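A, B, ... follow the sequence lines: proteins, then strands. Residue 1 opens every chain. Everything numeric here is computed off the predicted structure, so don't read it as measured data.
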Protein chains: 2
Amino acid sequence: MTAARDQIIETACGLMESQGFHATGLNQIVKESGAPKGSLYYYFPQGKDEIAEAAIARAGSATAQRITASLAELDDPAKAVSAFVGAIAHHVEASGFRSGGPLMTIAMETAATNTRLNLACRAAYQQFQAAFEQKLIASGFSAERAAALAVFILSAIEGGIILSRTYHSGDPLRRVAAELGALLHAASRR
Amino acid sequence: MTAARDQIIETACGLMESQGFHATGLNQIVKESGAPKGSLYYYFPQGKDEIAEAAIARAGSATAQRITASLAELDDPAKAVSAFVGAIAHHVEASGFRSGGPLMTIAMETAATNTRLNLACRAAYQQFQAAFEQKLIASGFSAERAAALAVFILSAIEGGIILSRTYHSGDPLRRVAAELGALLHAASRR
DNA sequence: GTCTATACGGTGATAGAC
DNA sequence: GTCTATCACCGTATAGAC
């Protein structure tokens, strides 16, 4: 509950989102967070992995809540997903393509090299997936179809973020928004 | 054209695909490649960035060719894309989730922090995109629609690779294969 | 709890012999 | 072309004072 610990986690989230895990140094976290320098290993005795794990958990649940909240703003699931992805496009652009997909880089870096962080990322993505799934179920999709579509939606969004960040343009994400909207519109008319 | 230089590039591709850019050390590249140690800065005077740039270019054109070749095996674009993505799923699983999406990690790591590598990744992704685009055009899609769909297809695949690698399961990619197949099937019936 | 100082390893990069 | 030796630096992690 201490503010210093929380500051460390928060800035670790931001730095790892834009740079990845390996490029983010502990010194950088301490400096940028303004947290007391000597307290890093007091709050996180297990070092960098423990900090990253906390950052992943934090970014994961925060993002999951944001997905749920955004999807709740529109009844129509097609329009809700499309609007959500459009908002991401804007966010990625506004950040100078430094932000968006808070866990993607860490997830890729650690998928096969760090089981602890891999499991943390996995848990977070499952939360994202569940958020889409529940929206679809609430919109009348069968549980089975909702689960399948949630995976596909999440895939398209994550991939769109990659392309938008490397192209330095929100267009790929806007394309994903349009296609997912059309797909869900057609699927819900059955 | 020398074999040593080529070996360095090739193993740099593999290591950066599974670990990312920052986690891959030059010593590791030299050791794993078996290339003569002292020749690293002889072939790549500009150091790590130059090696990574060459690795990205190599992986990029190799992958683009593989996409084109795979899509050419089936006439029906829906089935061709679906089969291609299914093959990726198998490849990701067979590699122990260390491989797949050769440029994704580097692309995310460097999108906003290293313009040189960012541009290299961008060029590579545009090749991938063009490969899908041309298949769709050859299948009767309008140029406009083909370009839009290519971005979406590439996004879904890249995102599916992320999920499959972090979940340690080929299922997300197989889901992407099925949904893209259905989408393209419906789109081509217009 | 927080500080400063430091140990220790690995990194990218360079120099100079052969 | 390739080798070995070495540089300066930065990374994580630790020790011990306050």
Side-chain angles (χ1 to χ4, degrees), chain A residues 1-56 105-106 108-110 112-118 120, chain B residues 1-57 105-106 108-110 112-118 120-121:
Chain A
M1 191 63 253
T2 67
R5 187 190 141 95
D6 217 59
Q7 258 302 311
I8 291 173
I9 296 176
E10 176 147 337
T11 70
C13 282
L15 289 172
M16 291 187 183
E17 176 172 3
S18 61
Q19 301 176 345
F21 173 75
H22 286 105
T24 302
L26 298 187
N27 292 331
Q28 191 182 11
I29 294 176
V30 170
K31 180 185 292 181
E32 185 139 332
S33 70
K37 181 165 186 170
S39 59
L40 223 171
Y41 280 89
Y42 173 81
Y43 290 117
F44 303 94
Q46 295 169 314
K48 194 182 187 183
D49 277 15
E50 191 178 359
I51 296 178
E53 188 181 37
I56 292 167
T105 316
I106 310 180
M108 290 298 297
E109 283 179 291
T110 64
T113 58
N114 185 322
T115 49
R116 181 178 184 173
L117 299 186
N118 173 40
Chain B
M1 192 59 255
T2 68
R5 188 189 141 94
D6 218 58
Q7 259 302 311
I8 291 174
I9 296 176
E10 175 148 336
T11 70
C13 282
L15 289 172
M16 292 186 182
E17 176 172 2
S18 61
Q19 301 175 344
F21 173 75
H22 286 105
T24 302
L26 297 187
N27 293 331
Q28 192 182 10
I29 293 176
V30 170
K31 180 186 294 182
E32 185 139 334
S33 71
K37 181 164 186 171
S39 60
L40 223 169
Y41 280 89
Y42 174 81
Y43 290 118
F44 303 94
Q46 295 169 315
K48 193 180 186 183
D49 277 16
E50 191 179 0
I51 296 178
E53 189 181 38
I56 292 167
T105 315
I106 311 180
M108 292 297 298
E109 284 179 292
T110 63
T113 58
N114 186 322
T115 49
R116 181 179 184 173
L117 299 187
N118 173 41
C121 289

d(CZ, B:Phe44; P, D:dG1) in whole Å: 14 Å
Check: B:Glu109 main-chain N/O paired with B:Thr113 side-chain donor or acceptor under 3.5 Å: yes
Looking at C:dG1, D:dA13, C:dA13, which one has an atom nearest to any side-chain atom of B:Lys48? C:dA13
Provide, to the nearest angstrom, the distance between the CG atom belonging to A:Asp49 and the C1' atom belonging to D:dG11. 14 Å
Of all the nucleotides listed (C:dT14, C:dC3, D:dC3), which has the minimum atom distance to the side chain of B:Tyr41? C:dT14
Rounded to whole Å, the CZ-C1' distance (A:Phe21 to D:dT12) equals 10 Å
Do B:Arg5 and B:Phe44 come within less than 4.5 Å of each other through their side chains, counting heavy atoms only? yes
When the distance from CG of A:Asn114 to C1' of D:dT12 is rounded to whole Å, what number comes out? 15 Å
Would you say that B:Ile56 contacts B:Phe21 through its side chain, given a criterion of any heavy-atom pair below 4.5 Å between the two side chains? no
Protein-nucleotide distance (A:Tyr43, atom OH; C:dC3, atom C1'), rounded to Å: 13 Å
From the list D:dG11, C:dC3, C:dA13, which nucleotide is the closest neighbour of the side chain of A:Asn27? D:dG11
Quickly work out the A:Gln28 CD to D:dC10 P distance and round it to whole Å. 13 Å
Whole angstroms only, please: what is the CD-C1' distance between B:Glu50 and C:dG12? 14 Å
Starting the side chain at C-beta, find the nucleotide from D:dG1, D:dC3, C:dT4 nearest to B:Tyr42. D:dG1
Cut-off 3.5 Å, side chains only: do A:Gln19 and A:Thr24 have a donor facing an acceptor? yes
From CG of A:Leu40 over to P of C:dT4, roughly how many Å is that when rounded to an integer? 14 Å
